[in-house]
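Note on naming: letters A, B, ... go to the chains in the order of the sequence lines (proteins, then strands), and numbering restarts at 1 for each one.
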Amino acid sequence: EPEVTQTPSHQVTQMGQEVILRCVPISNHLYFYWYRQILGQKVEFLVSFYNNEISEKSEIFDDQFSVERPDGSNFTLKIRSTKLEDSAMYFCASSESSPLHFGNGTRLTVT
Amino acid sequence: EDQVTQSPEALRLQEGESSSLNCSYTVSGLRGLFWYRQDPGKGPEFLFTLYSAGEEKEKERLKATLTKKESFLHITAPKPEDSATYLCAGEGNTGFQKLVFGTGTRLLVSP
């Protein structure tokens with residue numbers, strides 16, 4: 001069964017550094033998303049992406065965040081200058097329409 | 001503001017002991033109510049979508065139901081492999097597949 005794959009599974013970075021989280025969505029899907037889950041809290045929406053542009057973004061998704069689909073298969077989330085509070089599990093998801101199919105996440109630890 | 005609340009936070013069952021998980025929602029213009037299963041260290045795995053009050057869906061030992069204010073996930077004769085966190089999420093009219101998640105119910109089924 002096709003699945004969403006995310007790399008790396010765990011990323012440790014120092015505060016102020018830039019990180020790029022990578023995702024390969026399911027091949028025929030057209031809608032792409034990033035969600036995150038801070039330890040012990042709810043899964044929360046960050047951004048949706050369709051037709052090479054952002055469709056929706058949450059209040060969390062400020063100027064330090066950006067998304068890109070650099071080629072036909074990858075979807076990336078860049079965090080420009082990481083803060084301690086960015087430590088979380090970041091989930092990529094994709095869909096043809098509904099429902100969302102999630103990857104297994106990247107655990108980001110900011111020290 | 002859209003909100004999804006799940007109860008109980010944790011539930012311990014003996015194998016074969018049926019029970020129900022609750023999801024209360026306040027979601028403007030509900031387009032869909034989703035149930036996902038999440039295993040430790042993994043991403044949410046889709047189970048069901050419910051669209052309108054009175055709708056029911058079943059899969060193996062799981063049955064999901066929907067009213068105008070709540071959804072229930074009924075687990076009949078659970079097995080240890082049903083142990084997981086069950087997440088409820090609502091999609092409202094604030095964005096396509098912009099899901100609002102509850103905090104989940106951690107289910108542990110003992111042999």
Side-chain angles (χ1 to χ4, degrees), chain A residues 1-10 21 23-26 29-51 53-61 75 88-109, chain B residues 1-7 9-10 23-52 55 57 59 62 64 66 71 73 84-106:
Chain A
E1 187 178 326
E3 57 182 27
V4 176
T5 56
Q6 291 186 243
T7 55
S9 56
H10 191 188
L21 310 184
C23 169
V24 179
I26 294 172
H29 286 184
L30 300 176
Y31 300 87
F32 313 112
Y33 310 82
W34 285 99
Y35 281 74
R36 80 172 185 188
Q37 186 174 29
I38 294 171
L39 189 64
Q41 297 187 23
K42 300 180 180 185
V43 176
E44 51 189 353
F45 170 83
L46 290 179
V47 66
S48 59
F49 190 87
Y50 170 73
N51 202 24
E53 60 183 29
I54 290 174
S55 308
E56 302 272 350
K57 58 183 181 177
S58 72
E59 292 173 355
I60 304 165
F61 195 89
F75 181 51
M89 195 76 157
Y90 288 81
F91 292 108
C92 174
S94 69
S95 70
E96 210 171 355
S97 59
S98 180
L100 297 186
H101 297 265
F102 286 87
N104 284 329
T106 293
R107 179 169 300 286
L108 177 65
T109 303
Chain B
E1 185 183 331
D2 293 344
Q3 203 160 7
V4 173
T5 304
Q6 292 186 246
S7 61
E9 285 186 14
C23 170
S24 299
Y25 66 90
T26 310
V27 176
S28 298
L30 185 78
R31 291 179 181 165
L33 190 291
F34 299 81
W35 282 97
Y36 283 85
R37 169 190 170 128
Q38 187 175 26
D39 292 297
K42 302 280 183 111
E45 177 189 344
F46 172 73
L47 293 173
F48 303 109
T49 311
L50 301 165
Y51 294 104
S52 57
E55 191 175 0
K57 289 198 175 164
K59 180 180 177 180
L62 301 177
L66 183 66
S71 179
L73 185 66
T85 296
Y86 290 86
L87 302 173
C88 173
E91 179 192 6
N93 58 12
T94 58
F96 179 68
Q97 291 288 294
K98 187 177 171 185
L99 302 184
V100 176
F101 280 85
T103 49
T105 293
R106 289 191 317 277

- Query: Just how far is it from atom NZ of B/Lys42 to atom CE of A/Met89, taken to the nearest 0.5 Å?
  - Reply: 10.5 Å
- Item | Heavy-atom neighbours of B/Arg106 CZ exceed 12 at 6.0 Å | no
- Query: In terms of heavy-atom contacts, does NZ of A/Lys57 have more than 12 from other residues, nucleotides or ligands at under 6.0 Å?
  - Reply: no
- So which of B/Leu99, B/Leu87, B/Val100 actually passes side chain to side chain contact (heavy atoms under 4.5 Å, CB included) with A/Val43? B/Leu87
- Taking a cut-off of under 4.5 angstrom between non-hydrogen atoms, the residues of residues 96-106 of chain A near chain B are A/Ser97, A/Ser98, A/Pro99, A/Leu100, A/Phe102, A/Gly103, A/Asn104
- dist B/Lys98:NZ -> A/Ser55:OG (nearest 0.5 Å) comes out at 11.0 Å
- Message: Using heavy-atom distances under 4.5 Å, tell me whether A/Tyr33 contacts chain B through its side chain, its backbone, both, or neither.
- Response: side chain
- Rounded to the nearest 0.5 Å, what separation is found between the CD atom of A/Gln37 and the CD atom of B/Gln38? 5.0 Å
- Query: Which value, rounded to the nearest 0.5 Å, describes the distance between B/Gln97 atom CD and A/Phe32 atom CZ?
  - Reply: 13.5 Å
- Could you give the distance from CD (B/Gln3) to NZ (A/Lys42), rounded to the nearest 0.5 Å? 5.5 Å
- Message: List the residues meeting ring pair (Phe, Tyr, Trp, His ring centres under 6.0 Å) with B/Phe96, not counting sequence neighbours, and say none if there are none.
- Response: A/Tyr31
- Set of side-chain contact (heavy atoms from CB on, under 4.5 Å) partners for B/Ser28, sequence neighbours left out: B/Asp2, B/Asn93
- For A/Gln41, the side-chain contact (heavy atoms from CB on, under 4.5 Å) test, sequence neighbours excluded, returns A/Ile38
- Identify the heavy atoms of A/Phe91 and B/Gly43 that sit nearest to each other, and give their distance. CE2-CA, 3.4 Å
